[in-house]
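Below is one structure, written out as structure tokens, with a few remarks after it.
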Amino acid sequence: MPYTLLIVDDSKLARMAATKALRALHPDWAQVEAGNGDEAIALAKEAAFDIAILDFNMPGRDGLQLAADLLRLCPTTPLAIVSANHQTEIVAKAEHIGAIFLPKPLNEQALGAFLKMAAGKLEKGQA
Amino acid sequence: MIKLLVVDDSALARKLIGQMFATEPDFSIQFARNGSEALGLIALARPDVVTLDVHMPEMDGLACLDRIMVEHPCPVVMVSSATAAGAEATLEALRLGAVDFVTKPTGAVSLRIADMAQPLIEKVRAAAGARLRSSLRLRERVRHRTGQTSGALRAPVRKARPAARGEGLVLVGTSTGGPPALEMLLTALPATFPWPIVIAQHMPATFTAAFARRLDGISQLAVQEIRTSVALKPGCAYIGRGDADVVISRRAGDLVGMAAPAQSGYPWHPSTDRMVRSALNQLDPRQLIGVLMTGMGNDGAEAMALIHAQGAKTIAEAEETAVVWGMPGELVKAGGADYVVPLHKIAAQLRKLVG
Amino acid sequence: MTVVLNQSGAIQLIGACSVDDAEPLLQLLLANPIAPIDWRNCDTAHAAVIQVLLAAMRPLRGPPAGTLLKGLKGPAFGPFDRGNASPAAPKMQQPIGAFGSECRAVPEKACLTRS
Amino acid sequence: MNEFMEQFLLESRELVAQAIDDLLALGQNPADRDRLNGALRAFHTLKGGAGIVDFAAMARLLHAAEDVLAAGRSSEASIPPDVLDPCLACLDLTSRWLDAMQARGETPIGAELDANDMIARLHASRDDDEHAQASLPEAGDWLDRLDASALEAIGRPRTALRYVPDQDAFFQAHDPLAFVAALPNVISIDACLTGSAAALEIMNPFSCHLDLVVVMAASGEDVRAAAAGALGVTEIRELDPPGGVAVTTVLGEHSAAPAVEAIERSLMTTDPASVQADLPLPAHSPAALRVAMSRIDTLVKLTGELIVLKNALGHSARLSQNDTTSGALAASLRQQHAQFERLATELQTAVLRIRVLPLRSVFRRFPKLVKEISASVGKSVRLVSEGDDTEADAMIVEALFEPLLHILRNAIDHGIEDPHSREAAGKPAMGTVVLRARRDADSVVVDVRDDGGGVDVARVRAVAAERQIAGPGVLAAMADAEAANLIFLPGFSTASAITELSGRGVGMDTVKTNIERLGGRVVLETRDRVGTCISLVLPFSLMKTAIMTVEVAGQVCGLPLDTIVETTSVHRDRVIQIGSGHAVVLRNRTLPLIDLAHALGFRQERSASTEARIVVMSVETQMAGLEVDRLGERMDVMLTPMDGLLAGVRGIAGTSLLGDGRVLIVLNAEELLG
């Protein structure tokens, strides 16, 4: 079934790239975008999405803090943290909170694998 | 008793080569110091096999070889240097009809010449029983006599690369006698040949690049060495880098050929067995064609028998044309060959299979 | 086989990983784009394998079994005593004497071409 | 331009502006963490965008800048100001790239080289002698990767090794990791990928792209011996060498040699004209150069491209032998040749850049010396150095010390007045000497400017007359500026008292000769009571000279382009006979006309043409016309100085090889006109 993906990134270019990859993978899915953590939290309160990919490097709340906040609002949301810097800390912390680490620039294959895993998790939750 | 004639201008080299064979009871040896002496001795003594130094004063090895092949054809093993220039000369020698070659160690030759003994004895013994391609030689000889290079006769007019029609791969393994055999095979294939061809020709690292260039110059296929990695395309043939292995893999969905450090489990490199096994991981066996041609030993026989059993088509060169019917013979004996055909018919067989 | 995908979806490195394991490892990583790597049972690894790990940017479950690998540093390996329940990194005061013997995984000199 | 590119440009411009804001604010308040984090984020997002549009050079550059800034963040201390400048320069380069992309819709040419340079500059900012002391006394680029506190815990001696194996290393049955692990008393191994490593999706695992840093509790000597079997570039640093904080550096020769060989081979076998790139190293060249890895990488990469292209050319050439319908073929040959030329030029630039050093290495020796010299003559002088990051060929940098020292001595000894005279003249008692370097097109200019009394032209005239350096008539006709230049003549010394420092008959003529030997020139500017400025104008690199070829009596010669003012032809009627010589009037200026054939001693029939072809040359303040038979083309050549029997021949600067293998004689304009 089609889901809605939240893309959080302060770069519109990065959001465009992620949207393009999503269109190619799941043309029937919807997406919502947020340019920062506060917008993302607002969307989460309206339960406007099922899955989220969060840029690590953002002004204000970084991706990991945002992930923690989102999970507090909705603990079952599948999350991915996206970063161009491969730092052990980020990878390890992402894993620790149950998020997937995806390298930036985002490639379709990695996003596809994450979305497949996420969809599987959501379906299991509904069953 | 095998009658061996050693042709070398260096007294030291003659002595060293003589010593290498002294412990072999089935050889009787004669020496010649230069090309003209060699020609005289060959006419008189009719040796079973000749070793010939590529670089000699007066008549150099290639000129001498050319006359041997015209006047008194007999199996010749070239002794060459492992340099780029040596590679060119050696490849030319193989084209002129030399059966095989060994490379002289670089550096302090007298100290490291022992490294050369084992391969030289093996190759000379195999060459003594080798078959000369008389028909091929005749054509080549005429060309050589008229002073034309084969490149000029077979101007490779390349057409646009064909689109891949279904994915597939031709895998070729060969050793002794391989270079001229590959030349014949590749020049008989059109630029539109739809499947990429990957070739494991046992050779030193310094030779494969020159060999690929030579084949590229005379065939309609684009031929290149797999130095690091390269995407495999139709209408192209790829020579695995010498002293290393070649493996088939995928990058971003596309088939690639990749040079891999020589795996010690395999005795010959590039290993045909390893190449074929790696291809089996990437493609359905029905998308593979294995070709095993002239060569000492058994490299490739096992893996090609395996893909044959799984549905791939395999071609073994027939005994009548193989310089040494080792590798193809093993494949035939293992019951792994779908077709056993003489060299000049392999190209036609391939075209029929991918037609 | 020293590189496998285990049932929990992690790519496992086991025992001595040679240069030949680099390509299978890479293939597994590409086929499983979000799988983590588990090298807790890895004793030694050829540099070719290590550079694939470096390029992979995947969560690395460690520490590895081998002393040399345990002592590896760099952005991809990070200090292993952080986060999960791994033993503290070796104290750096003394040379890690075991390195010499750990690393005999040098491939035998490859056979020369013969034909 | 697609929507991605548009968005990229739009967003990148905003980010560049934001990052500049943040950096400038940091300059005001280096402890402002918010500004630092803001700048870091901007660099990071810029890098991400570059990744999306596949602009690798930009991604690489911004990654390096981000690293430098991030190092500042983690150090807890405030950002050192000399880190900000190169980061700003990065942004400047980035916005120039963005402009180029906007204009042409594609990533700019040469971005890789520009990025390499800028990255080297970024690293140099961390390598600076002054502030590196904050963390590790011997710190420098790759040593930053080491954990300082862990290092402290190790016993002595300690040595660090950086090892970047050849890409082909795995094929030599070599495991670089096992190799470094077997080094003596290994303490730690740090592994990361080199900049040339590809993304996982297209990676070739058998091509080695590792960059290893190993710390050992062993002496540099032991490490050097044990590391002899390395297949690639190694750099060894003793972390506490016997003589203090100096750091020894060894550039492994294992891989540099094949790289250079490969370049030479490819140059030798492809294009005879490029034989000129076979760098002639003057006999006393500096023993070792420290070369940034990225510069070697560029070379290797360019060489690779060159070889591919060479092969393509070879293929086309083979085709052309057989192909009679050769229109398309000729076109492809032409195109490949053009590409080849571009690559060859880039390669040449890259090769030249390897030999480049900042002038800092010479400049930093002077402050102490100036103090000593001024003390010894009882004057008070302060030295101001500017532009010491200006780069020049290592040979030139090395050779500058002596002449500069001589000029500085002269300035202090003769130029700067004693404190009393200065005060009387209304100047501060302390004199100032400014040592300033700058890059000017293809030249490097070093000025030594003092605020002393200026050259005493009247005295120079008197001395010249007294020593019969010039006749009274000539002296009388000389303008003051010209007369001041007499100090560069052999044996000239105006010091009324031969002082301990700058007497002894070795005068400015030595300086002049030495600079000219390097292909440079010396310019003197002096104002009475205000001061003197001596400028050394040197070529950026020793090897490349722009020339124009001319033909005379069937012989092709080269004239240095920087001495040519213009080329023209005049009707023979306008050539005037003056005594035994000739002259020509050009734009109301009378120029002596030199018949080149005659000057070179070629016998030649007077040309029948009614037009005289003239090259107008200018050397220092002199101008003259050279009559030639034919004008040729402009080219850049590597000049080989004359040696052996020809070394003493006047009028010849050196030789170079032409594309067809002929030797080109390049003339020395100074000597021809003089």
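Lettering follows sequence order; numbering is per chain, from 1. Any value given below was found using the heavy atoms of this structure, including those in side chains, with hydrogens, waters and symmetry copies removed. Only a predicted model underlies this, so the values are computations on that prediction, with no experimental measurement involved.
If you measure heavy-atom distances from D:Glu66 to chain A, the contacts under 4.5 Å come from the side chain alone. For a residue to count as touching a neighbouring chain, one of its non-hydrogen atoms must lie under 4.5 Å from one of that chain's; by this rule A:Asp9 does not touch chain D. Of the two parts of A:Asp55, neither the backbone nor the side chain holds a non-hydrogen atom closer than 4.5 Å to a non-hydrogen atom of chain D.
Annotation: cation-pi geometry not satisfied between A:Lys104 and A:Phe56 (NZ/CZ under 6.0 angstrom from ring centroid, within 45° of ring axis).
The pair A:Lys12-A:Glu33 does not meet the salt-bridge criterion, since no charged nitrogen lies less than 4.0 angstrom from a carboxylate oxygen.
In this structure, a donor-acceptor pair under 3.5 Å is absent between the side chains of D:Gln28 and D:Arg35.
Remark: of the listed residues D:Pro205, D:Cys208, D:Ser207, D:Pro165, D:Cys208 is the sole one forming a side-chain contact (heavy atoms from CB on, under 4.5 Å) with D:Phe170.
Of the listed residues (D:His63, D:His44, D:Glu14), the one with the most heavy-atom contacts under 4.5 Å to chain A is D:His44.
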